[in-house]
Amino acid sequence: MSAAANTAITPIVMPKWGLSMKEGTVNAWLVEEGADITVGMPILDVETDKISNAVEAPDAGRLRRKVAAEGDVLPVKALLGVLAPAEVSDEQIDAYVAAYETPADGEDEEATASAYQFAGVDGLRVRYARKGTGAQTVLFIHGFGGDMDNWLFNLDALADGHTVVALDLPGHGQSSPQLPGTTLVALAGFVARFMDVLDIEDAHLVGHSMGGGVAAQLALDAPQRVRSLTLIDGAGLGDEVNNGYTEGFVNAQSRRELKPVVELLFADPGLASRQMLDDLLAYKRLDGVAEALGALGASLFADGRQREQPGRRLDAKALPVLVLWGEQDRIIPAAHARQAPEGATVHVLPGAGHMPQMEKAGEVNALLRQHLAR
């Protein structure tokens with residue numbers, strides 16, 4: 001095969017979503033061979049042990065070959081398909097596919113384990129991840145009952161230009177189950193001290209749901225620590241919250257009880273996979289977690305009302321604020337996006353529920369990059 005033909009061929013490969021992903025299962029192709037592909041177009045669905053999501057085209061071109069079949073379980077960076085212009089012959093594509101060797105992931109188990117780190121903050125053990133070497137830091141803060149895996153599809157997308165950090169808040173993930181307090185003020189103060197421990201002077205904050213309320217509160221309490229703010233379906237911009245979710249999550253004791261609660265997070269309830277439910281149940285059964293979540297939910301979201309609303313006190317003229325919302329959010333109404341501070345950039349995303357950073361990861365990542373470039 002000529003060098004010119006080789007450079008005209010663009011591989012579509014198994015993505016790496018999150019620090020622990022090693023392989024994925026091809027669920028379905030979303031386009032046919034011969035289709036003209038645009039950058040960011042969803043081209044096939046892949047399922048991991050965490051969640052299923054669409055692989056988006058990294059480049060524009062014509063899909064000349066589906067290499068992976070539905071049901072195939074393939075390692076990260078394995079060849080899934082081939083984009084190439086019409087002048088590249090079938091024989092040249094055959095040669096490219098035959099010669100393709102899946103590169104090493106570059107992150108063995110020891111390296112993956114080291115990507116998850118732990119810090120002591122106020123006597124509590126906090127799990128976090130840090131990637132990238134950019135001069136500016138982007139700090140991701142998850143929501144109620146979540147953990148850093150809520151950012152599976154976002155960290156790597158921003159790590160090429162920034163240092164990205166995500167943490168498990170106390171009472172969540174693999175951090176200590178004890179809470180620093182049950183208010184957004186207490187949680188925001190804890191995040192500030194976490195930043196101190198990691199020598200993060202200031203950061204772009206990205207907060208989801210309750211984490212959006214924490215981020216907004218930190219911007220009010222310590223504005224010198226916050227370079228910009230992104231609120232994704234954020235708490236703290238309005239009154240209503242679906243306590244059928246918050247209380248249901250705390251009280252669910254089995255997969256049968258938890259499934260309809262977790263399905264509320266997504267526009268597509270099928271994303272509430274069996275593995276996701278099993279992982280959440282294992283987390284909820286850890287000593288102290290149920291008590292911590294119960295106290296936090298009762299403090300912040302009792303009777304379906306948001307007790308604290310720091311987002312409504314933000315000044316978007318002094319601080320760049322991006323507000324993103326899933327149009328089909330069944331936890332916190334998308335109408336709250338209209339209560340974003342004057343001057344904020346607001347996008348409501350069709351086809352997404354309460355987790356647009358997962359359901360519409362490509363769009364969210366593109367909007368985040370634009371926002372950070374400001």
Do any N or O atoms from the side chain of Asp168 and from the backbone of Asp147 form a donor-acceptor pair under 3.5 angstrom?
no

Can you see whether Glu247 engages Asn243 through a side-chain donor-acceptor pair at a distance of less than 3.5 angstrom?
yes

May I ask whether Val185 and Val226 are part of the same hydrophobic cluster, defined by side-chain heavy atoms of I, L, V, M, F, W, Y residues being less than 4.5 angstrom apart, directly or through others?
no

For the NZ atom on Lys66, are there more than 12 heavy atoms of other groups (residues, nucleotides or ligands in this structure) within a distance under 6.0 Å?
yes

Gap between atom CG of Asp268 and atom CD of Glu359 - 0.5 Å precision
6.5 Å

Is Val126 reachable from Val197 through a run of hydrophobic residues whose side-chain heavy atoms are each under 4.5 Å from the next?
yes

Go through the side-chain N and O atoms of His336 and Glu240 and say whether any donor and acceptor fall under 3.5 Å apart.
yes

Measuring from atom CG of Leu169 to atom CZ of Phe144, what distance do you get when rounded to the nearest 0.5 angstrom?
11.5 Å

Could you tell me whether Glu201 atom CD has more than 12 heavy atoms of other residues or ligands within 6.0 Å of it?
no

Do the side chains of Leu277 and Leu286 join up, straight or via other hydrophobic residues, at under 4.5 Å, putting them in one cluster?
yes

Shortest non-hydrogen contact from Leu79 toward Leu74
O-CD1, 4.4 Å

Closest non-hydrogen atom pair between Tyr100 and Lys77, with its separation:
OH-O, 2.7 Å

Has the side chain of Trp325 got a donor or acceptor atom that lies under 3.5 Å from a matching backbone atom of Ile332?
yes

Search all heavy atoms of Pro356 against all heavy atoms of Gly326 and return the closest pair with its distance.
CG-N, 4.0 Å

Does the side-chain contact (heavy atoms from CB on, under 4.5 Å) test come out yes or no for Leu372 and Ser228, once each step is laid out?
CA-CA 8 Å; Leu372 296 173; Ser228 75; 4.1 Å; yes

Any Val138 side-chain heavy atom under 4.5 Å of Val206 side chain:
yes

Using the rule given for side-chain contact (heavy atoms from CB on, under 4.5 Å), can you reason through Glu32 versus Leu63, listing the C-alpha separation, both sets of side-chain angles and the distance that settles it, and then say yes or no?
CA-CA 7 Å; Glu32 296 300 326; Leu63 179 62; over 6 Å; no

May I have the step-by-step check of salt bridge (Lys or Arg N to Asp or Glu O under 4.0 Å) for Lys131 and Asp156, ending in yes or no?
CA-CA 8 Å; Lys131 300 193 75 174; Asp156 283 341; 2.7 Å; yes

Any side-chain heavy atom of Tyr96 sitting closer than 4.5 Å to one from Val88?
no

Are the side chain of Arg330 and the backbone N or O of Glu263 linked by a donor-acceptor pair below 3.5 Å?
yes

On a heavy-atom basis, which atom in Ile37 and which in Ala57 lie closest, and how many Å separate them?
CG2-CB, 3.2 Å

Arg312 atom CZ, over 12 foreign heavy atoms within 6.0 Å:
yes

Between the CZ atom in Arg274 and the CG atom in Asp279, the distance rounded to the nearest 0.5 Å is 12.0 Å

Salt-bridge contact Asp202-Arg225 (side-chain N to carboxylate O under 4.0 Å):
no

How far apart are the C-alpha atoms of Leu158 and Leu368, what are their side-chain angles, what is the distance that settles it, and do they pass the side-chain contact (heavy atoms from CB on, under 4.5 Å) test?
CA-CA 8 Å; Leu158 298 180; Leu368 276 171; 3.9 Å; yes

Flag the pair Arg62 and Glu33 as a salt bridge only when some basic side-chain nitrogen lies within less than 4.0 angstrom of an acidic carboxylate oxygen.
no

Does NZ or CZ of Arg125 lie under 6.0 Å from the centre of the six-membered ring of Phe118, at an angle within 45° of the ring axis?
yes

Atom CG in Leu349, atom CD in Glu327: separation rounded to 0.5 Å?
9.0 Å

Contact between Val55 and Val46 at the side-chain level, heavy atoms closer than 4.5 Å - yes or no?
yes

Identify the two heavy atoms, one from Val250 and one from Gln253, that lie closest to each other, and give their separation to 0.1 Å.
O-NE2, 4.3 Å

Student check: side-chain heavy atoms of Thr25 and Thr48 closer than 4.5 Å
no

Could you tell me whether the side chain of Tyr128 reaches within less than 4.5 Å of the side chain of Tyr116, counting heavy atoms only?
no

Going by heavy atoms in the side chains, are Asn27 and Glu70 under 4.5 Å from each other?
no

So do Met41 and Glu56 actually touch side chain to side chain, heavy atoms under 4.5 Å?
no

Quick check: does any side chain N or O of Asp303 sit under 3.5 Å from a backbone N or O of Arg305, one acting as donor and the other as acceptor?
no

Under the side chain to side chain donor-acceptor pair (under 3.5 Å) rule, what pairs show up with a residue in residues 174-189, not counting sequence neighbours?
Thr182-Ser299

When you measure from the side chain of Asp221 to the backbone of Leu218, do you find a donor-acceptor pair of N or O atoms at a distance under 3.5 Å?
no

Does any N or O in the side chain of His208 come within less than 3.5 Å of the main-chain N or O of His354, such that one atom is a donor and the other an acceptor?
yes

Donor-acceptor contact below 3.5 Å, side chain Asp122 vs main chain Leu124
no

Between Leu237 and Leu231, is any pair of side-chain heavy atoms under 4.5 Å apart?
yes

Those residues that, when tested against Gln136, pass side chain to side chain contact (heavy atoms under 4.5 Å, CB included) (two or more places apart)
His162, His204, Arg227

Roughly how far, to the nearest 0.5 Å, is the CD1 atom of Ile232 from the CD1 atom of Ile141?
11.0 Å

Pairing donors with acceptors under 3.5 angstrom, does anything connect the side chains of Gln357 and Asp233?
no

Evaluate the side-chain contact (heavy atoms from CB on, under 4.5 Å) criterion for residues Thr10 and Val82: first the C-alpha distance (whole Å), next the side-chain angles of each, then the deciding distance (0.1 Å), finally the verdict.
CA-CA 6 Å; Thr10 301; Val82 171; over 6 Å; no

Measuring from Asn154:CG to Asn365:CG, what's the distance to the nearest 0.5 Å?
4.5 Å

Between Phe153 and Lys360, is there a cation-pi geometry (under 6.0 Å to ring centre, at most 45° from the normal)?
no

Taking the six-membered ring for Trp, is the centroid-to-centroid distance between Phe301 and Tyr245 below 6.0 Å?
no

Might you work through the side chain to side chain donor-acceptor pair (under 3.5 Å) test for Asn251 and Glu257, ending with a clear yes or no?
CA-CA 9 Å; Asn251 294 327; Glu257 293 172 345; over 6 Å; no

Any residue meeting ring pair (Phe, Tyr, Trp, His ring centres under 6.0 Å) with His142, in chain and number order, not counting sequence neighbours:
His172

Short side-chain to backbone donor-acceptor contact, Arg64 and Pro85, under 3.5 Å
yes

Locate the shortest heavy-atom distance separating Pro11 from Ile9; write the atom from each residue and the value.
CD-O, 3.8 Å

Does Thr163 use its side chain to pair, donor to acceptor, with the backbone of Gly134 at less than 3.5 Å?
yes

Charged N-O contact under 4.0 Å between Arg255 and Asp278
yes

With no hydrogens and no angle check, is any side-chain donor or acceptor of Gln217 less than 3.5 Å from a backbone partner on Leu184?
no

